[in-house]
Amino acid sequence: MDFTLDDSLGFIVNRTNTKLKNELLHQFKQYDVTPEQWAVLNRLWEKDGITPKELAEKTFKDMPNIARILEKLVRKKLVVRQPDLVDKRSSQVFLTERGKNLQGILIPIAQSVLEQATLGIGVDEIVELKALLNRIYHNLG
């Protein structure tokens, strides 16, 4: 069977993801936020006060990674953890004012990175690409 890594869909998707993450890392550097932290902040901007378990599910990260990311966000004073009033064994994660304020700064930066990445690609093509990538994701279970 003929197989070329450079022509492999998985390799191309991973290479593209790495390039996007590196560009976000570069653009977010002055705000001391990594792409992984950005994903968590983004989910909290959507719905504040969710549990670490929910954050793990919504960001496709495992619990040890979420715990590490949250610890860094707490140290940076971007989020706080408070005991869950319903389940005393768990906690809820809330944005601080500083964390909330980053939304208006980081989202335009991320949009700019995506605009740069999709130069010359039509809106319909982007919609189709997202649909295809989501179909591949769902095909794998």
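Computed from a predicted structure; not experimentally measured. Quick note: numbers below take in every heavy atom, side chains included, and nothing from hydrogens, waters or symmetry partners.
Side chain of Thr96 to backbone of Lys77: a donor-acceptor contact under 3.5 angstrom is found. The backbone N or O of Gln37 sits less than 3.5 Å from a side-chain atom of Thr34, completing a donor-acceptor pair. Under a 3.5 Å cut-off, the side chain of Thr51 and the backbone N or O of Glu54 do form a donor-acceptor pair. The main-chain N or O of Val13 is never found under 3.5 Å from a side-chain atom of Asn17 such that the two would form a donor-acceptor pair. Between the side chain of Asn134 and the backbone N or O of Lys130, at least one donor-acceptor pair lies under 3.5 Å. Of the possible donor and acceptor atoms, none in the side chain of Ser112 sits under 3.5 Å from a partner among the backbone N and O of Pro108. Between the side chain of Arg43 and the main chain of Leu55, no donor-acceptor pair closer than 3.5 Å is present. Within the 3.5 Å criterion, the main-chain N or O of Ser90 finds no donor-acceptor partner in the side chain of Asp84. Side chain of Trp38 to main chain of Leu106: no donor-acceptor pair is present (N/O by atom type, distance under 3.5 Å, no hydrogens or angles).
Around atom CD of Glu71, more than 12 heavy atoms belonging to other residues, nucleotides or ligands sit under 6.0 Å away. By the 6.0 Å contact criterion, NZ on Lys72 is open, its count of non-hydrogen atoms from other residues, nucleotides or ligands being 12 or less.
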For the pair Glu115 and Gln111, evaluate side-chain hydrogen bond (donor to acceptor under 3.5 Å, both in side chains) and give the outcome as yes or no after the intermediate values. CA-CA 6 Å; Glu115 285 172 17; Gln111 288 172 325; over 6 Å; no
Side chain to side chain contact (heavy atoms under 4.5 Å, CB included) evaluation trace for Leu20 with Leu114: CA-CA 8 Å; Leu20 279 169; Leu114 289 174; 4.3 Å; yes
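Using modelled atom types, one finds a donor on one side chain and an acceptor on the other under 3.5 Å when comparing Asn65 with Arg68.
Side-chain contact between Ile50 and Val93 is absent, with no heavy-atom pair separated by less than 4.5 Å. Inter-residue side-chain proximity for Leu9 and Ile136 is flagged as met; some heavy-atom pair is nearer than 4.5 Å. Using a 4.5 Å heavy-atom cutoff, the side chains of Val33 and Leu24 are not in contact. Side chains of Gln92 and Arg81 form no contact here, defined as non-hydrogen atoms less than 4.5 Å apart. Side-chain atoms of Leu70 and Pro52, non-hydrogen and from C-beta on, do get closer than 4.5 Å to each other. Looking only at side-chain heavy atoms (C-beta outward), Phe94 and Val79 stay at 4.5 Å or farther from each other.
Hydrophobic clustering of Ile, Leu, Val, Met, Phe, Trp and Tyr side chains at less than 4.5 Å, counting indirect connections, unites Val113 with Ile105. There is no path of hydrophobic side-chain contacts, each under 4.5 Å, that joins Leu25 to Leu73. No single ILVMFWY cluster, assembled from side-chain heavy atoms under 4.5 Å apart, contains both Ile66 and Val80. Linking Ile, Leu, Val, Met, Phe, Trp and Tyr residues whenever their side-chain heavy atoms come within less than 4.5 Å leaves Leu44 and Met63 in two separate clusters. Linking Ile, Leu, Val, Met, Phe, Trp and Tyr whenever their side-chain heavy atoms come within less than 4.5 Å puts Ile107 and Ile109 in one cluster.
How far NZ of Lys100 is from CG of Leu41: 12.5 Å, rounded to the nearest 0.5 Å. Between atom CD1 of residue Ile126 and atom OG1 of residue Thr118 there is a gap of 4.0 Å, rounded to the nearest 0.5 Å. Atom CD of Glu97 is separated from atom CG of Leu102 by 11.5 Å, given to the nearest 0.5 angstrom. Separating the CD atom in Glu36 from the OG1 atom in Thr59 is a distance of 10.0 Å, to the nearest 0.5 Å.
Heavy atoms only, all atoms of each residue included: Asp32 and Lys76 are closest at O-NZ, 2.6 Å. Across Thr16 and Ile12, no two heavy atoms sit closer than the pair OG1-O, 2.8 Å.
Exactly one residue among Lys21, Lys19, Gln27 makes a side chain to side chain contact (heavy atoms under 4.5 Å, CB included) with Glu23. That residue is Gln27.
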